[in-house]
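Only this structure's heavy atoms are used, side chains among them; waters, hydrogens and symmetry mates stay out. Every number for a ligand or one of its atoms is a count from 1 in the order of the listing.
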Amino acid sequence: MNSTEAKKPSKKTPNDFLFGKVIGEGSYSTVYLAKEISTGKEFAIKVLEKKHIMRERKTQYVMREKEVLMKVNHQFFIRLYYTFQDNDRLYFVLSYARNGELLDFLHKVSSFDEECSKFYTAEIVSALEYLHGLGIIHRDLKPENILLSDEMHIQITDFGSAKILKKGNDFQEGESSEPVQPTRKNSFVGTAHYVSPEVLTSKSTYYSSDLWALGCIVYQLLSGEPPFRGSHEYQIFQKITKLEYEFPDGFKPVARDLVEKLLVLDPTKRLGCEEMGGYGTLKAHKYFEGIKWETLGERKPPDII
Ligand SMILES: NC(=O)c1nn(CC2CCNCC2)c2c1CCc1cnc(N=C3C=CCC=C3)nc1-2
């Protein structure tokens, strides 16, 4: 290499990090808090066992998660810094969201006040607008996957269920004309409380499947509980497909109007989807009155009290 060529950073190895406590466990991954020895910087390192991935036929999910993480570069999402492997494992070195899950903060205070709910809902809307603009559907958006940075801004994680609709072409913005079929027949993607009716009934996924999850999250931030509840998944699915939910007393009308415009059975009729005018119409909803969308990420988040 001559003196003018840029020095390519050397590939990291597990020996570059001190591995600490386990901060998350999935069906085929373990996430550790780790410190980079050379800089002292903390990361979350997701470790995946190669044998287990292959035995469980999860290779395509892991490859897709890495592909999505490499595409996503936004303050409101967990960032992928490095990937490397050894004989037995794959390693994803990710940003560490020190303050953990939004859900834990919600449980501490039972429900958020209007200012907190509006702020965090706006950050989620802004994050979804960016993600959908890249042609990516998250498909498992839920409060457990909305983490909080040192400064208490959101950092959405876990793209293990994500779907990429655009492959670098000049694909028409927004909804695909054809719903996206999940990769495996009869497999719904997502978590019971937040899964959309179209994923349950036609096994198809739209960008607005994430808008359905958003509607469930807005309801939960303001009331403390998700709208569709039950002691068994089947019961929850029944309520979702029948749009069987109620608002608690005191649920403000403007918030109720927003939730009702997101929890719509027809995925092409949800506020914010392409057919309904796109994200501009969602961001213009009265619920977001006073939100300065362009500087959300620079603003000091309201205290969660
Ligand atoms: N599956 C993952 O990719 C993942 N899982 N976790 C921990 C989970 C704990 C349960 N709820 C969902 C997240 C993480 C990541 C990405 C990268 C990531 C970055 N920071 C944190 N931070 C945490 C801080 C305190 C408690 C838990 C997580 N966690 C993760």
Exercise. Considering the options V31, L69, V47, which one meets the side-chain contact (heavy atoms from CB on, under 4.5 Å) requirement together with F92?
Worked result: L69

Is [X] salt-bridged to [Y], cutoff N-O under 4.0 Å?
| X | Y | value |
| --- | --- | --- |
| D104 | K108 | no |
| E115 | R299 | yes |
| R256 | E260 | yes |
| K286 | E289 | yes |

Problem set entry | Amino acids in close contact with ligand 1, where any non-hydrogen atom sits under 4.0 angstrom away |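 Residues I23, G24, V31, A44, K46, I78, L94, S95, Y96, A97, G100, E101, E144, N145, L147, T157, D158 each place a heavy atom under 4.0 Å from ligand 1, listed by chain and number.
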
For this session: State which residues pass side chain to side chain contact (heavy atoms under 4.5 Å, CB included) with N87; sequence neighbours excluded, sorted by chain then number.
Result: none

